[in-house]
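Following: one structure in structure tokens, then a few remarks.
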Amino acid sequence: MQFVDWFGDGSIVVVDLALACCAVESEFAVPEGAPVLDDVPTGSLPVAIVSGTLTDAVSGLVRDRIQSLGPNVHVVSFGACAAAGGPYWDSYSVTKGVDQLVHVDHYIAGCPPPPSALTSHLESLRSARGSS
Ligand code: SF4
């Protein structure tokens, strides 16, 4: 797994579990030139973003990836599909939200949400942790 050192200071490292079209937006939010790391540095807050349509076929893998980040992982549900299945809520193969698998700390609404909504949330998170 690879992590984006979002602010380049080790405060927050992000893994984007990119599943469908919302991932275009979440990937667009990544700051240009942000370092990519192979592990979570000591003292960093790991953030897992679930962006896109979650299906039952991949839900176990998504759950395992998130749980492997430890008990302090901050989970962001990005978009309507990740929150509750979105336009595919009644499909037999679509999981009705990532909260069926793991806890979710923050929901970002939209189909798709704008990249700025993710940027804004991560900046708030960094401020709340005392970094600036
Ligand atoms: S919420 Fe909309 S844009 Fe995002 S993955 Fe679902 S259908 Fe695509």
Side-chain angles (χ1 to χ4, degrees):
M1 213 165 2
Q2 291 196 311
F3 304 88
V4 175
D5 182 358
W6 198 270
F7 298 103
D9 61 1
S11 58
I12 289 175
V13 294
V14 173
V15 59
D16 189 7
L17 300 168
L19 303 173
C21 25
C22 266
V24 174
E25 308 299 325
S26 58
E27 292 292 325
F28 191 77
V30 176
E32 192 175 342
V36 177
L37 311 175
D38 291 326
D39 212 341
V40 179
T42 303
S44 292
L45 175 67
V47 174
I49 299 167
V50 181
S51 52
T53 317
L54 181 62
T55 63
D56 293 346
V58 299
S59 62
L61 179 62
V62 169
R63 183 197 58 231
D64 292 349
R65 286 268 170 102
I66 293 172
Q67 289 180 342
S68 74
L69 298 174
N72 296 327
V73 61
H74 180 91
V75 180
V76 175
S77 167
F78 187 83
C81 280
Y88 315 112
W89 63 272
D90 60 349
S91 168
Y92 73 95
S93 60
V94 170
T95 308
K96 313 306 185 249
V98 69
D99 64 351
Q100 305 292 306
L101 311 175
V102 295
H103 77 280
V104 173
D105 297 286
H106 187 74
Y107 291 89
I108 298 177
C111 179
S116 60
L118 178 57
T119 301
S120 173
H121 176 60
L122 294 175
E123 287 175 349
S124 298
L125 202 54
R126 183 172 180 247
S127 295
R129 283 172 51 85
S131 302
S132 60

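Start at 1 and go down the list; that is how both ligands and their atoms are numbered.
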Margin query: Using a 4.0 Å cut-off to any heavy atom of P112, which atoms of ligand 1 qualify?
Written below: 3 (S)
Item checked: S120 side-chain N/O to A117 backbone N/O, donor-acceptor pair under 3.5 Å -> no
Notebook entry, point to check: How about C81: does one of its N, O or S atoms come closer than 2.8 Å to atom 2 (Fe) of ligand 1?
Noted result: no
Check: How about L101 and Q67: do any of their side-chain heavy atoms sit closer than 4.5 Å?
Finding: no
Note to self: Check whether S44 reaches the backbone of G10 with its side chain - one donor and one acceptor, N or O, closer than 3.5 Å.
What the structure shows: yes
Check: Atoms of ligand 1 less than 4.0 Å from C21 heavy atoms?
Finding: 3 (S), 5 (S), 7 (S), 8 (Fe)
Check: Are any of the side-chain heavy atoms of W6 and V30 separated by less than 4.5 Å?
Finding: yes
Next item on the list: Quick one: look up the protein heavy atom nearest atom 2 (Fe) of ligand 1 and list residue, atom name and how far away it is.
Entry: C111 SG, 2.3 Å
Margin query: I need the atoms of ligand 1 closer than 4.0 Å to a non-hydrogen atom of C22, numbered in the order shown.
Written below: 1 (S), 3 (S), 4 (Fe), 5 (S)
Item checked: Derivation of the side chain to side chain donor-acceptor pair (under 3.5 Å) call for D99 and S77 -> CA-CA 9 Å; D99 64 351; S77 167; over 6 Å; no
